[in-house]
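Fair warning: this is a prediction, and the values are worked out from it, not measured in the lab.
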Amino acid sequence: MIQRLVVTALQLAELSVSSVVHMVYGLYIFSSAVAGDLTQTLSESIFKSKTTVEVKRITAQVNDLPPIVLVHGIFGFGKGRLGGLSYFAGAEKKDERVLVPDLGSLTSVHDRARELFYYLKGGRVDYGEDHSKACGHSQFGRFYEKGECQEWDEDHPIHFVGHSAGAQVVRVLQQMLADKMFDGYENTNENWVLSLTSLSGALNGTTRTYLDGISPEDGKSLKLISLLQICKLGVIMYDWLDIPWLKSYYNFGFDHFNMSWKKTGLRGLVDCLLGNAGPFASSGDWILPDLSIQGSMKLNANLKTFPNTFYFSYATKRTRKPLGMMTVPSGVMGIHPLLFIRVLQMSQWRFPRDIPLPYKGYRDEDWQDNDGAMNTISMTHPRIPVEHSNLMVHSDSDCLPLQPGIWYYKIVEADHILFIVNRERAGVEFDLIYDSIFERCRKHVFRQSPQTLPNEAQQQLGGDQED
């Protein structure tokens, strides 16, 4: 009895600390974005440019390049949200044609994949009739008047880079394209995706979901007392209050669930809080169930690795096993304060022995290395329930020339958020990893002939003019 009380007290203490840390970090990000916007607005009003410099660009050649689409992860945001703050810490400026879509930060992988398609092609987001009925939300969502890449098809394929859950979103999108699941687009196929780069990608789920509150019994329901219950409460209130200027600044992406007080009133709020309606109802149509091991297995059972698409994965870790003993964090200074405790917790977590293991062959020790949010084993390549073709590389040049249909993967010493939001944290590593990604997309991934890069096009044009 005393032991149980002690354990409960420790769990409540850990929950309190985790809640405070996450709230402080969230407020820090939000306030940083607001401060940045205010500073920029003030500077523009004081130092108005009196001269206009005309910059000529060779837009034709740039537009001929396949876009590189950066897909954010959980709690992420795209261009236009949080003011001038960049989820990818400005990496999008490294190439001439990069797109950063704003998808639901907590919506399910399925819903985000649908949103990504219509962001690129244009039109009103269609979540699918059967899926919408089963999950209790509207079939149609946001309207994109003009798609960011309307020419997208098999002859004009796209590069995708997905961070965290963003990688799984792209995989689901590619499968939807192969299965022709978009009404009015009968010609879609898997070859619309030229390459997928997974950066700390959630390819097989994460044990952190169980630490945060997902039940290990089913990988879907929420524990009564957990961090995710607090998150659920905050999200429901945020969407129910429906403050326009606030939601335009940051949106969890649940507008299609119609949780606003304007539509549901007080009774709707009660139903959402009790789990009778909304994304946190029994359907579990939000991101966390998709990130449990069971949820990822369910997704992966229907996802293929396609023979004409190039795949590369960066699996991150911040753990080590001194003398081959216990797995522990690899240091203090190199891990973000938000994630240090999580790295330790994930390295020591054990799947409960009184319930069935998530899959045949599961071993706790395989899932101990992690980056504070994802297990390293999960980030290398799709491996459960069926392992896909893969090859580990130690340097990017090891995999040249690249072959499609194979998951090349590389282990990188980094925590889960080293390469996003704050560029200064990663230092030179930030440039090395994104330069490598963009160079691979532009110089080593192609189906017919290598594309002409913008700077090469300018050189060629200059040479023709001299002749």
Any donor-acceptor N/O pair, [X] side chain to [Y] backbone, under 3.5 Å:
X      : Y      : answer
His336 : Leu418 : no
Asp431 : Val428 : no
Trp152 : Trp192 : yes
Ser436 : Leu432 : no
Asn204 : Ile384 : yes
Tyr87  : Gly73  : yes
Arg383 : Ile377 : yes
Asn300 : Leu303 : no
Arg318 : Gly334 : yes
Asp364 : Phe351 : yes

Non-hydrogen atoms of [X] and [Y] that approach each other most closely:
X      : Y      : answer
Ile293 : Pro358 : CG2-CB, 3.8 Å
Glu190 : Thr309 : O-OG1, 3.9 Å
Ser164 : Met374 : OG-CE, 3.7 Å
Ser313 : Leu203 : OG-CD1, 4.3 Å
Arg114 : Asp126 : NE-O, 2.8 Å
Cys441 : Ile68  : CB-CD1, 3.9 Å

Please tabulate, for the side chains in residues 403-413, all donor-acceptor contacts under 3.5 angstrom to protein atoms that are two or more places apart in sequence or on a different chain.
residue, atom, partner, partner atom, Å
Trp407, NE1, Thr305, OG1, 2.8
Tyr408, OH, Gln403, N, 3.0
Glu413, OE2, Lys317, NZ, 3.4

What orientation do Phe312 and Tyr314 show, parallel under 30°, tilted 30 to 60°, or perpendicular over 60°?
tilted
Parallel, tilted or perpendicular, as decided by the 30° and 60° cut-offs, for the rings of Phe419 and Tyr434:
perpendicular
Would you call [X] and [Y] a side-chain contact if the rule is heavy atoms closer than 4.5 Å?
X      : Y      : result
Leu291 : Arg208 : no
Leu339 : Ile417 : yes
His156 : Gln150 : no
Ser195 : Leu402 : no
Pro101 : Glu148 : no
His159 : Thr197 : no
Lys232 : Val235 : no
Val71  : Leu173 : no

Carefully, step by step, assess Val109 and Ile287 under the rule side-chain contact (heavy atoms from CB on, under 4.5 Å).
CA-CA 6 Å; Val109 169; Ile287 191 67; 3.6 Å; yes
Decide if the gap between the ring center of [X] and the ring center of [Y] is smaller than 6.0 angstrom.
X      : Y      : result
Tyr185 : Phe117 : yes
His163 : His416 : yes
Phe75  : Phe77  : no
His388 : His381 : no

Sole residue of Tyr250, Tyr249, Phe254 in ring-ring contact (aromatic ring centres under 6.0 Å, His included) with Phe252:
Tyr250
Between Leu199 and Ile433, does a side-chain contact (heavy atoms from CB on, under 4.5 Å) hold up when you go through it step by step?
CA-CA 10 Å; Leu199 181 57; Ile433 201 161; 3.8 Å; yes
Please tell me whether [X] and [Y] have a donor and an acceptor in their side chains that are separated by less than 3.5 angstrom.
X      : Y      : result
Arg171 : Gln174 : no
Thr319 : Thr327 : no
Tyr359 : Gln294 : no
Asn375 : Thr207 : yes
Asp111 : His256 : yes
Arg342 : Asn370 : no

Any ion pair linking Asp369 and Lys321 (charged N to carboxylate O, less than 4.0 Å)?
no
Check Arg112 with Asp290, please: is the shortest side-chain N to carboxylate O separation under 4.0 Å?
no
Spacing of [atom1] belonging to [X] relative to [atom2] belonging to [Y], to within rounding of 0.5 Å:
X      : Y      : atom1 : atom2 : answer
Phe280 : Leu222 : CZ    : CG    : 8.0 Å
Ser283 : His137 : OG    : NE2   : 7.5 Å
Phe160 : Tyr311 : CZ    : OH    : 11.5 Å
Gln175 : Lys304 : CD    : NZ    : 6.0 Å
Ser215 : Leu228 : OG    : CG    : 11.5 Å
Glu439 : Ile437 : CD    : CD1   : 11.5 Å

Check this for me: Glu145, atom CD, are more than 12 non-hydrogen atoms of other residues, nucleotides or ligands nearer than 6.0 Å?
no
Over 12 foreign heavy atoms within 6.0 Å of NZ, Lys247
yes
Just to verify, which of Thr188, Asn189, Asn308 counts as forming a side chain to side chain donor-acceptor pair (under 3.5 Å) with Glu154?
Asn189
Please assess Leu344 against Ile341 for the test side-chain contact (heavy atoms from CB on, under 4.5 Å), listing each intermediate value before the final yes or no.
CA-CA 5 Å; Leu344 179 61; Ile341 295 178; 5.7 Å; no
For side-chain hydrogen bond (donor to acceptor under 3.5 Å, both in side chains), just list the numbers for Ser200 and Thr316, CA-CA rounded to whole Å, side-chain angles, deciding distance to a tenth of an Å, and then say yes or no.
CA-CA 6 Å; Ser200 304; Thr316 45; 2.9 Å; yes
Quick one, Phe306 with Val193, criterion side-chain contact (heavy atoms from CB on, under 4.5 Å). Give me CA distance, side-chain angles, the key distance, then yes/no.
CA-CA 10 Å; Phe306 294 98; Val193 178; over 6 Å; no
